[in-house]
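Structure first, then comments.
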Amino acid sequence: MTLIARELRGLIDEAIREAVSRGEIAASEVPDFVLERPRHKAHGDWATNAAMVLAGASGRKPREVAEVLARLIEKSACPPAGSVLRAVEVAGPGFINLALERDRVLSELVRVAREGDAYGRWDLGAGMRINVEFVSANPVGPLHVGHGRWAALGDALCNLLEAVGFEVDREFYLNDFGTQMEIFAASVEARYLELAGRPCEFPPDGYQGSYVMDIAREIMEEDEGRLADAPPQLRRAELGERAYGIALSHIRKSMDAFGVHFDIWFSERELQGSGAVREAVAGLLARGLAYERDGAVWMATSRFGDDKDRVLVRSNGAPTYFAADIAYHLNKMERGYDRLINIWGADHHGYVRRMQAAMEANGHADRLEVILGQLVNLKRGGEPVRMSKRTGEMVTFDELLEEVGRDAARYLFLTRSQDTALDFDIQLAVEQSLENPVYYVQYAHARICSILRYGEGRGVELSQEIPGLDTLRLLEAEEEWDLAIKLFEFEELVRDAALGRAPHRLTRYLEELAAAFHVFYNRHRVISDDAALTSARLFLCRCVLQVLRNGLSLLGVSAPERM
RNA sequence: GCGCCUGUAGCUCAAUUGGAUAGAGCAGCGGACUUCUAAUCCGCAGGUUGGAGGUUCGAGUCCUCCCAGGCGUGCCA
């Protein structure tokens, strides 16, 4: 892969070495410098701060150093000796601005077309396996809107990690064991008996949501109320199982409808049944990392940076959620992953430190990465939508998906960094769907498809052949140049978004690319009487189409051919 | 009290991880379809980046202290 940025880096690198060996700059080694696309067009196509970084070390003025480097770069990269750059300039406090030679841009464009679906992919994984655990909702009711955000985030992140060459598994952890399952069973049982007309008291800490009644009704319709007469213990256990099955199938269905597919559904119950939780605790005890006090077993997490020690086994003998989680993470490591990524709701952040402590204690320091997703504030027409877990009143993820659609939901969830709480206005997402960024991007895609269809109808040559350099050189308008250069940002963006765990950068980029296309479209006619120019512009359009498609597919958003 | 996250245009958010003149979209105003999709484009207006110091060639970004909001701080999950 002849990545343009890598080539430019090489040029700068070489210039620095040359300058050092000539004694024009003093530097023991080539420092880290930034090569970036400048914000302003006037600053060239790419720019570097190399001279300013070097100036500090060599005690010379940044602009002087820049001047030295610029002349060296120019000599090797500009005609007649080279063919990469058109101009090299020193500007501002000591930036070196690089303007690309036109043919170099065109050859890069050709690469976009040649690589096609693979354009933007990297091979950075080196066989590394990553497990990404996300959503992991308790199977005791419908998914809420926040789960939708994390599903979109997790899936897009996985796509990105795969794109840059990691082997990724998507995992859903099912907390199908313990207190909440019991509360859930008791809640369903109470509703079931209520439906059967039996006197019963709803558990004080039970789940209030109306979905509990729906589930009870579903079971009752199936078994015609037989369980009402079963022995209480058996009845509750049976109802709990049936209810769990129903809740889980709803979750699977939601994720399916959202287009998120998990490789692994990991059951806590199985983990508990296998004895792994007891083993994990025993292991910690044996190594003196856990101890008994007040009838409970504690882990010395404070030795690993936690504020205080945490209970693993309660004095009543029941292991805590934490103990199970330790066993679960050990299990993941045993499955051979090099790295674990967990996406948790921000309300779990108090839990991160102790989990990291546990990983470190078990010899897996720095293997676990926790991404905290901030919550979603649901609004409707500017007014916050009241949601209460206590009364069970809430807009479920399914309802949201139904109302705004899969593409819009996925895209909007990914427009913001996960560090920031997301305001999601349902009314805005639906009513103003025409102003929606997702449609803006998709529209660019559909528009290009429309151009291609039009061309086809007019008998324009639409072969997948890549036009020759002479033809491509006709792309000389400013908007064409801007568009082409914008395309080349994609590769590095994919890498940065993947390594920086920042899928939202991709939505941003796609909007910029779409904007560059719309500007081009409004100023220039693609299909005209000029056959050569038509051919060149169609080729540019096909490249844009390709990158839009690659980008949207990483987000899990469709690329429609008509809108 | 302590810890984490956040604070940027009227609103919702970006800002290439320390770079040049802080940018988009909504909302507002004014323009552009006899044309390959006007779900688009062009222009105008909008800012003491919560506040005060500090670090350096350079700070929205880093460090300290305040202010405001959210979350956490359980032998809950």
Side-chain angles (χ1 to χ4, degrees), chain A residues 34-40 42-43 47-49 52-53 55-56 61-63 91-95 97 138 140 175 177-181 183 205 293-298 307-308 310-316 318 320-322 324-325 345-353 372 374-375 377 379 382 415-425 428 432-437 439-440 442-444 446-455 457-458 460 489 492-493 496 500 502 504-505 507-509 511-512 514-515 517-528 534 537-538 541 562-563:
Chain A
V34 176
L35 176 71
E36 62 187 359
R37 299 255 0 248
R39 265 201 276 267
H40 301 282
H43 297 147
T48 180
N49 67 347
M52 291 182 293
V53 177
K61 286 185 183 155
R63 282 196 68 112
F95 286 99
N97 296 335
N138 298 330
V140 295
N175 296 123
F177 179 90
T179 319
Q180 67 201 337
M181 292 302 284
I183 296 172
D205 56 353
R293 193 181 76 200
D294 305 331
V297 180
W298 299 69
D307 299 334
K308 56 181 196 179
R310 308 288 176 173
V311 172
L312 293 172
V313 183
R314 287 173 278 208
S315 47
N316 68 5
T320 59
Y321 181 86
F322 180 45
D325 238 9
D347 53 341
H348 284 72
H349 86 248
Y351 198 73
V352 177
R353 184 67 63 77
L372 291 175
Q374 292 289 322
L375 307 170
N377 299 317
K379 295 190 171 178
T415 50
R416 311 279 184 256
S417 148
Q418 58 264 23
D419 291 336
T420 169
L422 176 68
D423 279 331
F424 195 108
D425 195 314
L428 232 61
Q432 298 197 346
S433 60
L434 305 190
E435 308 289 348
N436 216 312
Y439 298 116
Y440 183 83
Q442 287 182 322
Y443 185 55
R447 231 179 187 180
I448 295 172
C449 290
S450 171
I451 295 171
L452 298 179
R453 278 194 300 273
Y454 178 86
R458 305 264 299 224
V460 172
E489 277 179 43
E492 293 204 296
L493 194 114
D496 293 348
H504 74 278
R505 291 185 51 183
T507 62
R508 204 87 198 167
Y509 168 77
E511 284 157 42
E512 287 168 9
F517 172 74
H518 288 311
V519 170
F520 158 76
Y521 176 89
N522 272 279
R523 298 250 177 92
H524 303 284
R525 231 190 125 70
V526 176
I527 292 168
S528 67
T534 296
R537 285 185 174 157
L538 273 173
C541 285
R562 281 173 211 275
M563 286 176 76

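Scope of the values below: all heavy atoms of this structure, side chains included, with no hydrogens, waters or symmetry mates. A note on names: the letters A, B, ... follow the listed sequences, proteins ahead of strands, and every chain is numbered from 1.
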Return the nearest nucleotide to the side chain of A/Tyr321; candidates are B/A20, B/A77, B/C75.
B/A77

Between A/Gly500 and A/Phe520, the residue closer to the 5' end of RNA chain B by nearest nucleotide is A/Gly500

How long is the gap from CG on A/Asp294 to OG on A/Ser315, to the nearest 0.5 Å?
8.0 Å

At what distance, to the nearest 0.5 angstrom, does CG of A/Leu312 lie from CG of A/Asp325?
11.5 Å

Report the relative orientation of the aromatic rings in A/Phe517 and A/Tyr521; use parallel for angles under 30°, tilted for 30 to 60°, perpendicular for over 60°.
tilted

Using only heavy-atom distances, decide whether a donor-acceptor pair under 3.5 angstrom links the side-chain of A/Thr179 to the base of B/C76.
no

Review item, nucleotides 7-10 of chain B N/O atoms under 3.5 Å of protein N/O:
none

With a 4.0 Å limit, can you tell me whether A/Tyr443 has a side-chain N or O closer than that to the phosphate oxygens OP1/OP2 of B/C41?
no

With respect to the phosphate group of B/U12, does any side-chain polar atom (N or O) of A/Lys379 fall under 4.0 Å of OP1 or OP2?
no

Kindly say whether, by distance alone, the side chain of A/Asn49 makes a donor-acceptor pair under 3.5 Å with the base of B/A20?
no

note: A/Asp419, atom CG; B/C13, atom C1'; distance rounded to Å ~ 13 Å

Report yes if at least one side-chain N or O of A/Arg37 is closer than 4.0 Å to OP1 or OP2 of B/G19; otherwise report no.
no

Using the C1' atom as the point on both nucleotides, what is the distance between B/U49 and B/G30, in whole Å?
30 Å

Among the candidates B/G3, B/A15, B/C57, find the nucleotide nearest to the side-chain atoms of A/Arg505.
B/A15

Would A/Leu422 and A/Gln374 count as a side chain to side chain contact (heavy atoms under 4.5 Å, CB included) here? Give the steps.
CA-CA 7 Å; A/Leu422 176 68; A/Gln374 292 289 322; over 6 Å; no

If you only use heavy atoms from C-beta on, which nucleotide in B/C36, B/U40, B/C75 is closest to the side chain of A/His518?
B/U40

Report the distance from atom NE2 of A/His518 to atom OH of A/Tyr440, rounding to the nearest 0.5 Å.
4.5 Å

Check the distance between B/A39's C1' and A/Tyr439's OH and give it to me in whole angstrom.
10 Å

Do the side chain of A/His348 and the base of B/G72 come within less than 3.5 angstrom through a donor-acceptor pair of N or O atoms?
no

Using a 4.0 Å heavy-atom cut-off across all strands, classify A/Val526 as base, sugar-phosphate, or nothing.
base

Between B/A22 and B/C13, how far apart are the two C1' atoms, rounded to whole Å?
13 Å

Rounded to whole angstrom, note down the P distance from B/C4 over to B/C66.
14 Å

Should A/His43 and A/Phe95 be marked as a side chain to side chain contact (heavy atoms under 4.5 Å, CB included) after you check the CA-CA gap, both sets of side-chain angles, and the distance that decides it?
CA-CA 9 Å; A/His43 297 147; A/Phe95 286 99; over 6 Å; no

Is B/C44 in the syn or the anti form, by the rule that syn lies within 90° of 0?
anti

Side-chain N or O of A/Arg447 less than 4.0 angstrom from OP1 or OP2 on B/A38?
yes

As a test of reading the structure: which of B/C75, B/U12, B/G19 is closest to the side chain of A/Asp423, going by heavy atoms?
B/U12

OP1 or OP2 of B/A38 versus the side-chain N and O atoms of A/Tyr521: is any pair under 4.0 Å?
yes

Minimum-distance nucleotide (side-chain atoms of A/Thr420 versus B/A14, B/C36, B/C42):
B/A14

A/Ala318 near the nucleic acid: base, sugar-phosphate alone, or nothing, with a heavy-atom cut-off under 4.0 Å?
nothing

I'd like to know whether A/Val140 forms a side chain to side chain contact (heavy atoms under 4.5 Å, CB included) with A/Met181, so could you lay out the CA-CA distance, the side-chain angles of the two residues, the decisive distance to 0.1 Å, and finally the verdict.
CA-CA 7 Å; A/Val140 295; A/Met181 292 302 284; 3.8 Å; yes

Once you round it to whole Å, what is the distance between C1' of B/C41 and CZ of A/Phe517?
12 Å

Value rounded to 0.5 Å, distance of CD in A/Gln442 from SG in A/Cys449:
11.0 Å

Could you tell me the separation between the CD atom of A/Gln374 and the P atom of B/G69, rounded to a whole number of Å?
16 Å

Taking for each residue the nucleotide of RNA chain B bearing the nearest heavy atom, is the 5' side occupied by A/Glu511 or by A/Arg416?
A/Arg416

Nearest-neighbour nucleotide for the A/Pro93 side chain, B/A14, B/G19, B/U40 considered:
B/G19

Can you measure from CZ (A/Arg37) to CG (A/Leu493) and round to the nearest 0.5 angstrom?
11.5 Å

Whole-Å distance separating the CG atom of A/Leu372 from the P atom of B/U6:
11 Å

Could you classify B/U12 for me, syn or anti, using a glycosidic angle within 90° of 0 as syn?
anti

Does A/Arg314 make a side-chain N or O approach to OP1 or OP2 of B/C76 shorter than 4.0 Å?
yes

Which nucleotide in the list B/A14, B/A20, B/A38 gets nearest to the side chain of A/Phe95?
B/A20

Test of understanding: with salt bridge (charged side-chain N to carboxylate O under 4.0 Å, His left out), list the residues that count as partners of A/Glu511, not counting sequence neighbours.
none

A/Arg458 atom CZ, over 12 foreign heavy atoms within 6.0 Å
no

Work out how far the C1' atom of B/U6 is from that of B/U61, and round it to whole angstrom.
14 Å

Between P on B/G18 and CZ on A/Arg39, what's the gap in Å once rounded to a whole number?
13 Å

Output the rounded distance in Å from CD1 (A/Ile451) to P (B/U40).
15 Å

A/Asp347 (side chain) and B/G72 (base): donor-acceptor pair under 3.5 Å:
no

Output the pairing pattern of RNA chain B as a dot-bracket string, 5' first, Watson-Crick or G-U wobble with both distances under 3.5 Å, | for cross-strand pairs, [ ] for crossing pairs.
(((((((..((((.....[...)))).(((((.......))))).....(((((..]....))))))))))))....

Between A/His40 and B/G23, is there a contact of a side-chain N or O with OP1 or OP2 at under 4.0 Å?
yes

Using the P atom as the reference point in each nucleotide, state the distance between B/G3 and B/A45 in Å, no decimals.
46 Å

At 4.0 Å (heavy atoms only), tell me whether A/Ala444 reaches a base, stays on the sugar-phosphate, or touches nothing.
nothing

Let's see if you can work this out: which of B/A24, B/G74, B/C41 has an atom nearest to the side-chain heavy atoms of A/Arg508?
B/A24

For the pair made of CZ in A/Phe177 and P in B/A77, what is the distance, rounded to whole Å?
10 Å

Atom pair OG1/CD of A/Thr507 and A/Glu512 - distance to nearest 0.5 Å:
9.5 Å

Atom CZ of A/Arg293 with >12 non-hydrogen neighbours under 6.0 angstrom:
yes

A/Tyr440 has its side chain closest, among B/C41, B/U16, B/A14, to B/C41

Per-pair stack call A/His43 and B/A20, 5.5 Å, 30°
yes

